[in-house]
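Excluded from the calculations below are hydrogen atoms, water molecules and symmetry mates; all remaining heavy atoms, backbone and side chain alike, are included. Reminder, nothing fancy here: chain letters follow the sequence lines and each chain counts from 1.
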Amino acid sequence: MFKTPRGTQDILPQDQPAWQHIENTILTLCHRYGFERISTPVFEDTGLFTRTVGEETDIVQKEMYTFKDRGDSEITLRPEGTAPVCRAYIQHGMHNRPQPVKLYYFATIYRYERPQTGRFREHHQFGAEAIGDKDPSLDAEIIHMAWKIFNNLGLKDLTTQLNTIGCPKCRPVYLENLKDFYSSRIHEMCGDCRVRHQRNPLRLLDCKNPVCQSAADSSPRSYDYLCPECGQHFEKLKTYLRILEIPFLLNHRLVRGLDYYTRTVFEVQPEDVGGQSTIGGGGRYDNLIGELGGPPTPAVGFATGLERIMLNMEKQHLLPKSNGGIDIFIAPLDEQAREKGIGLLNILRQEGFSAMMAAGEKSLKAQLRQAGAFSARYVIIIGEEEIKKNSVILKDMATGEQETIPANSLVNSISKRLKGS
RNA sequence: GUGGGCGUAGCCGAGUGGUUUAAGGCGCCAGGUUGUGGCCCUGGAGAUCGAGGGUUCAAAUCCCUCCGUCCACCCCA
């Protein structure tokens with residue numbers, strides 16, 4: 001027996017209403033905020049990700065689905081959504097479009113992880129990117145839209161954590177101070193942190209080890225070392241967020257697992273922090289497009305995991321269940337009636353009704369049972385009598401009432417009942 | 001990648017060495033007379049008890065390996 005590969009899942013018909021609800025909510029907001037949809041390939045050149053996400057990150061080090069294709073090209077299933085969008089921005093000369101270019105995507109994301117609740121090897125992300133302007137109002141807009149999405153879906157008790165990690169001008173100064181701070185106590189830190197101290201000091205801050213945590217808590221804060229430009233950017237962003245009435249918490253230990261971020265970083269988390277707490281996150285990445293060989297282009301964006309949204313909505317009992325029934329179910333009692341039914345099906349569907357007919361030879365009882373199971377609102381019964389008189393029986397499944405009507409007035413009759421016209 | 005729990009029909013789940021030809025419920029299919037659903041009643045189909053190997057006269061039940069799943073770590077969405 002074949003099964004879905006580890007860490008992947010089928011999204012079954014009964015789950016689709018929930019997915020659609022989430023997608024529709026997001027689509028509405030994207031339109032309101034002026035974002036346009038983009039789709040990129042599931043796989044890209046491996047280099048796109050190693051260059052942007054960062055060689056030292058866990059994603060690149062141990063989580064990418066990388067392989068050589070039959071033409072010996074190095075291919076990777078996308079482990080995140082931002083780099084491909086930036087690649088598309090460059091490839092299609094989008095810097096010639098009015099800036100900022102505001103794009104959103106729904107994409108499957110691939111990471112070789114050990115699966116558990118809310119964590120998969122294939123998952124679905126929604127992301128939005130505003131590319132081409134460094135204005136902090138765009139940072140605010142991105143955070144606002146993220147916050148709005150969760151809000152409109154009805155999610156409660158979310159916190160937005162905010163930090164800034166400076167730019168290539170001021171970050172080195174900060175990192176020096178950070179390293180100095182840690183140097184005296186690195187011997188008591190965990191093994192991972194000793195490596196981080198050498199290779200990626202920023203990540204010392206989000207170590208979960210209790211000993212390292214207390215050190216991180218009292219460590220120097222990036223926002224105390226910002227250059228004037230970054231400082232002003234951060235101040236303005238906070239002002240805008242207050243105007244938008246977005247509650248946020250400053251967290252100097254918030255850094256992200258991807259190396260391309262500059263200045264703003266943020267994460268949205270549910271209150272009851274389980275294992276997989278983050279439901280969405282993002283930040284500014286002013287150097288990414290330049291590093292990919294494009295013109296120097298500032299940008300800001302965020303992404304959210306649809307499975308994580310779903311998980312939290314389920315906890316809060318916010319998921320819709322039913323996918324509704326069909327309008328009409330046709331129950332033919334013999335072969336002649338079936339022929340009649342096939343014609344009626346066609347007509348009803350052309351009129352815009354959802355209609356189906358019982359398949360196989362079944363008793364009327366069985367057919368009605370089936371109509372009930374499909375949540376049909378009306379059943380059309382056709383038997384010998386009806387064929388003779390060229391009529392049909394129209395039965396209202398909610399009330400149980402039924403009447404015999406001429407076959408040629410069926411559409412009219414149904415329209416009256418279902419469309420109220 | 002590390003540590004731990006779990007794995008019985010589509011789903012939930014009883015059974016922890018021999019009255020098991022593996023309960024029960026949901027769901028599915030059919031019937032409850034001659035052309036009428038949702039409730040109720042009756043019946044039926046559906047399980048190589050995750051896979052492979054071992055111990056034993058005897059294994060769903062004990063042991064080993066693998067796979068899957070869940071939880072924690074890690075990381076993130």
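Between A:Arg6 and the phosphate of B:G68, there is a side-chain N or O to OP1/OP2 separation shorter than 4.0 Å. The side chain of A:Arg196 places no N or O atom within less than 4.0 Å of a non-bridging phosphate oxygen (OP1 or OP2) of B:C74. Considering only side-chain N and O atoms, A:Arg203 lies under 4.0 angstrom from the phosphate OP1 or OP2 of B:C76.
Summarising the geometry, the separation between CG on A:Leu158 and C1' on B:A77 is reported as 14 Å, rounded to the nearest angstrom. Distance, A:Gln116 CD to B:G3 C1': 12 Å, rounded to whole Å. B:A77 atom P lies 13 Å from atom CD1 of A:Ile309, rounded to whole Å. Between the CD atom of A:Gln161 and the C1' atom of B:A77 there is a distance of 15 Å, given to the nearest Å. Put simply, CZ on A:Arg121 is 11 Å from C1' on B:G68, counting in whole angstrom units. Taking atom CZ of A:Phe266 as the reference point, atom C1' of B:C76 lies 15 Å away to the nearest angstrom. The nearest whole Å value for the distance from the CE atom in A:Met189 to the P atom in B:C74 is 14 Å. In this structure, A:Leu205 atom CG and B:C76 atom C1' are separated by 17 Å, rounded to whole Å.
The nucleotide B:U19 finds no pairing partner, because no Watson-Crick or G-U wobble arrangement with both distances shorter than 3.5 Å includes it. With a 3.5 Å ceiling on both atom-pair distances, the Watson-Crick or G-U wobble partner of B:G44 is B:C28. Base-pair partner of B:U33: not found among the strands shown (Watson-Crick or G-U wobble, both distances under 3.5 Å). Base pairing annotation: B:G1 forms a Watson-Crick or G-U wobble pair with B:C73, both donor-acceptor distances under 3.5 Å. Nucleotide B:C6 forms a Watson-Crick or G-U wobble pair with B:G68, both donor-acceptor distances falling under 3.5 Å.
Contacts of A:Gly282 with the nucleic acid, taken as non-hydrogen atoms under 4.0 Å apart, are absent. Base engagement by A:Phe120 is indicated by at least one non-hydrogen atom pair under 4.0 Å involving a base atom. At a threshold of 4.0 angstrom between heavy atoms, the contacts of A:Glu113 include nucleobase atoms, whether or not backbone atoms are also involved.
How far SG of A:Cys193 is from CZ of A:Arg185: 12.5 Å, rounded to the nearest 0.5 Å. Interatomic distance, A:Leu178 CG to A:Leu202 CG, rounded to the nearest 0.5 Å: 7.0 Å. Considering CD of A:Glu23 and CZ of A:Phe106, their distance stands at 5.0 Å, rounded to 0.5 Å.
For B:G4 and B:A60, the C1' atoms lie 23 Å apart once the distance is rounded to whole Å. B:G17 and B:C63 are spaced 13 Å apart, taking the C1' atom of each and rounding to whole Å. Across B:C49 and B:C40, the matching P atoms stand 33 Å from one another, rounded to whole Å. Remark: the separation of the C1' atoms in B:C29 and B:A45 is 7 Å, to the nearest Å. Between the P atoms of B:A51 and B:C41, the separation comes to 35 Å (whole Å). Spacing between B:C62 and B:C57 at atom C1', rounded to whole Å, works out to 16 Å. For the P atoms, the distance linking B:G10 with B:C6 amounts to 23 Å, nearest Å. For the P atoms, the distance from B:G25 to B:G13 is 16 Å, rounded to whole Å.
Ring geometry for A:Phe234 against A:Tyr223 counts as parallel: the plane angle stays under 30°, on a 0 to 90° scale with 60° as the upper cut.
With B:U69, B:A77, B:U2 as the choices, the nucleotide that has an atom nearest any side-chain atom of A:Arg114 turns out to be B:U2. Counting only heavy atoms from C-beta on, A:Leu258 has its side chain closest to B:C76 among B:A72, B:U69, B:C76.
One donor-acceptor pair, N or O on each side, does fall under 3.5 Å between the base of B:C76 and the side chain of A:Arg308.
When all heavy atoms of A:Leu319 and A:Ala18 are compared, the pair lying nearest together is CD2-CB, 3.9 Å. The minimum heavy-atom distance linking A:Leu368 with A:Met397 is given by the pair O-CE, 3.9 Å.
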Atom pairs under 3.5 Å, N or O on each side, protein against nucleotides 6-11 of chain B: can you list them with distances?
none

Kindly give the atom pairs (protein nitrogen or oxygen, nucleotide nitrogen or oxygen) under 3.5 Å for nucleotides 35-38 of chain B.
from, atom 1, to, atom 2, distance (Å)
B:G35, O6, A:Glu385, N, 3.2
B:G35, N1, A:Glu386, OE1, 2.8
B:G35, N1, A:Glu386, OE2, 3.3
B:U36, O2, A:Lys395, NZ, 3.1
B:U36, O2, A:Gln402, OE1, 3.1
B:U36, N3, A:Gln402, OE1, 2.7
B:U36, N3, A:Gln402, NE2, 3.0
B:U36, O4, A:Gln402, NE2, 2.6
B:G37, O6, A:Met397, O, 3.2
B:G37, N1, A:Met397, O, 2.4
B:G37, N2, A:Met397, O, 3.4
B:G38, OP1, A:Arg369, NH1, 3.4
B:G38, N2, A:Met397, O, 3.4

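A salt bridge between A:Lys102 and A:Glu141 is present, with a side-chain N of the basic residue lying under 4.0 Å from a carboxylate O of the acidic one. A salt bridge between A:Glu267 and A:Arg256 is present, with a side-chain N of the basic residue lying under 4.0 Å from a carboxylate O of the acidic one.
Between A:Gln125 and A:Lys3, the residue whose closest nucleotide on RNA chain B is further toward the 5' end is A:Lys3.
Partners of A:Asp180 according to the salt bridge (charged side-chain N to carboxylate O under 4.0 Å, His left out) rule, which considers only residues two or more places apart in sequence or in another chain, do not exist here. Qualifying salt bridge (charged side-chain N to carboxylate O under 4.0 Å, His left out) partners for A:Glu129, counting only residues two or more places apart in sequence or in other chains: none.
For residues 41-65 of chain A, proximity to RNA chain B is found at A:Asp58, A:Glu63, defined as any non-hydrogen atom under 4.0 angstrom from a strand atom.
The stretch residues 248-269 of chain A participates, sequence neighbours left out, in these ring-ring contact (aromatic ring centres under 6.0 Å, His included) pairs: A:Tyr260-A:Tyr285.
A donor-acceptor pair shorter than 3.5 Å cannot be found between the side chains of A:His144 and A:Tyr240.
The side-chain heavy atoms of A:Cys207 and A:Arg196, taken from C-beta on, include a pair separated by under 4.5 Å.
When each of A:Asp139, A:Asp286, A:Thr262 is tested with A:His233 by the rule side-chain hydrogen bond (donor to acceptor under 3.5 Å, both in side chains), just one qualifies, namely A:Asp139.
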